[in-house]
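Heads up: the structure comes next, in C-alpha cells.
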Amino acid sequence: EDKVVQSPLSLVVHEGDTVTLNCSYEVTNFRSLLWYKQEKKAPTFLFMLTSSGIEKKSGRLSSILDKKELFSILNITATQTGDSAVYLCAGTFLTGGGNKLTFGTGTQLKVEL
Amino acid sequence: DGGITQSPKYLFRKEGQNVTLSCEQNLNHDAMYWYRQDPGQGLRLIYYSQIVNDFQKGDIAEGYSVSREKKESFPLTVTSAQKNPTAFYLCASTARTVRNEAFFGQGTRLTVV
C-alpha cells in the first residue's frame with residue numbers, strides 16, 4: 001500500500017546523454033504521481049501526472065504515466081551538468097486521513113563533462 | 001509572496017532534549033506534511049494533517065509529535081524518544097485536491113551534539 005519505488009538509485013552519465021528514470025507505485029488508492037528535482041535543500045516541482053499515456057514536457061524534460069503497468073518515467077535529453085541532482089518521485093494516495101504524499105528513495109543523477 | 005517558512009535552518013540538540021521545528025504557510029493550503037531525509041535517501045513521511053485539529057502518523061512517527069491548531073502552522077517536536085534525530089527535516093503543504101503540487105519549505109537541519 002502507498003509504496004513508491006525508484007530506479008536506478010544512482011546514475012552517472014556524460015553531457016549530451018539521454019537518461020530515463022523509473023518510478024513504480026502500488027495501485028491501492030493511488031491518485032496522482034509527482035516528480036521533483038532536489039539539488040541542495042527544498043525539492044522543486046517538475047511534473048504532476050494523473051492521466052495515463054499523456055506526456056508532460058518542459059524543455060529537455062518529459063514524463064509519462066502508465067496506469068496499467070503502474071509506473072512512470074522521467075526522461076532528460078541532452079543532459080547538462082546542471083541536471084545533476086536527486087530526482088524524487090512521489091505518489092498521492094487516498095487514506096482514511098486524507099491524501100498521503102509518499103516519496104520514493106530518489107535517483108541520484110550525476111552528469112559529467 | 002506566498003510560501004512555506006521553516007525555522008530554524010540549523011538546530012543543535014543535546015541528548016535527552018525535546019526540540020520543536022516550526023513550519024508556517026500562507027498559501028491557504030489544507031494539507032501539511034513533515035518529512036525526514038537522511039544522507040543519500042529519499043523523503044520519509046513522519047506526520048501529515050489534512051485539516052485543523054487532525055493529523056495522521058506517517059511511516060516513521062515514533063519519537064515525534066505534531067499539532068495543528070491553526071491552518072497555517074504545523075510544528076514538529078522531536079522528542080527524546082527519537083534515538084537518531086540527526087537529519088534534514090522538510091515541511092510541505094498542498095491544496096485539498098490531488099491536482100495540486102506540494103510546496104516545500106527550505107528545511108531544517110537538526111544535529112544532536
Side-chain angles (χ1 to χ4, degrees), chain A residues 1-11 21 23-26 29-51 54 56 58 63 65 85-110, chain B residues 3-10 23 25 27 29-61 66 68 74 87-109:
Chain A
E1 57 181 39
D2 62 69
K3 189 174 180 181
V4 176
V5 178
Q6 291 188 246
S7 65
L9 291 180
S10 64
L11 191 57
L21 310 182
C23 177
S24 63
Y25 62 91
E26 300 285 334
N29 299 319
F30 172 79
R31 304 294 298 279
S32 62
L33 190 136
L34 300 95
W35 284 98
Y36 284 83
K37 177 182 181 181
Q38 186 181 28
E39 292 180 84
K40 289 186 178 178
K41 293 188 175 180
T44 54
F45 174 74
L46 295 175
F47 299 110
M48 170 178 279
L49 303 154
T50 55
S51 301
I54 298 175
K56 293 267 181 108
S58 176
S63 184
L65 178 68
V86 175
Y87 289 84
L88 296 163
C89 170
T92 303
F93 299 89
L94 183 62
T95 70
N99 294 316
K100 184 181 180 185
L101 185 62
T102 299
F103 282 81
T105 54
T107 293
Q108 174 83 57
L109 174 66
K110 184 175 181 181
Chain B
I4 300 180
T5 302
Q6 286 187 243
S7 62
K9 286 186 179 179
Y10 301 95
C23 179
Q25 54 98 0
L27 300 164
H29 282 171
D30 294 294
M32 296 186 75
Y33 304 81
W34 272 107
Y35 295 91
R36 169 181 172 141
Q37 188 173 34
D38 293 283
Q41 297 195 29
L43 277 60
R44 292 186 290 168
L45 183 63
I46 305 173
Y47 270 98
Y48 62 109
S49 167
Q50 300 294 310
I51 57 173
V52 174
N53 292 324
D54 188 46
F55 48 83
Q56 309 295 324
K57 290 183 178 181
D59 303 312
I60 55 165
V66 293
R68 187 86 187 276
F74 191 40
F88 186 56
Y89 292 87
L90 280 163
C91 178
S93 73
T94 67
R96 184 182 292 272
T97 171
V98 295
R99 295 186 179 274
N100 284 274
E101 67 190 86
F103 289 80
F104 283 87
Q106 289 301 304
T108 294
R109 188 165 300 280

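Chain A is the first sequence line, chain B the second, and so forth, proteins listed ahead of strands; every chain is numbered from 1.
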Problem - Heavy-atom donor-acceptor pair, B/Tyr35 side chain to A/Phe103 backbone, under 3.5 Å - result: no
Region of [X] in contact with chain A, defined by heavy-atom distances below 4.5 Å:
X: B/Gln37; value: side chain
X: B/Ala31; value: neither
X: B/Phe55; value: neither
X: B/Leu43; value: both
X: B/Gln41; value: backbone

Could you tell me which portion of [X] (side chain, backbone, both or neither) has an atom closer than 4.5 angstrom to a non-hydrogen atom of chain B?
X: A/Gln38; result: side chain
X: A/Phe47; result: neither
X: A/Leu88; result: side chain

Problem - With sequence neighbours excluded, residues passing side-chain hydrogen bond (donor to acceptor under 3.5 Å, both in side chains) with B/Ser93 - result: B/His29
Problem - Which residues share a side-chain hydrogen bond (donor to acceptor under 3.5 Å, both in side chains) with B/Asp59, sequence neighbours left out - result: A/Lys100
Completion exercise
The reported gap from OG1 in A/Thr92 to CD in B/Glu101 (rounded to nearest 0.5 angstrom) is 11.5 Å
Problem - Distance, nearest 0.5 Å, that separates CG of A/Asn99 from CD of B/Gln56 - result: 11.5 Å
Fill in the blank from the handout: Checked A/Pro43, A/Ser10, A/Cys89 vs chain B; the most non-hydrogen pairs under 4.5 Å come from A/Pro43
Handout entry: For the student: nearest non-hydrogen atoms of B/Gly105 and A/Ala42, plus distance
Key = O-CB, 3.0 Å
Exercise for the section: Identify the residue among A/Thr102, A/Leu101, A/Thr95 that makes a side-chain contact (heavy atoms from CB on, under 4.5 Å) with B/Tyr48. Expected result: A/Thr95
Problem - Side chains of B/Phe104 and A/Lys41 in contact at under 4.5 Å (non-hydrogen atoms) - result: no
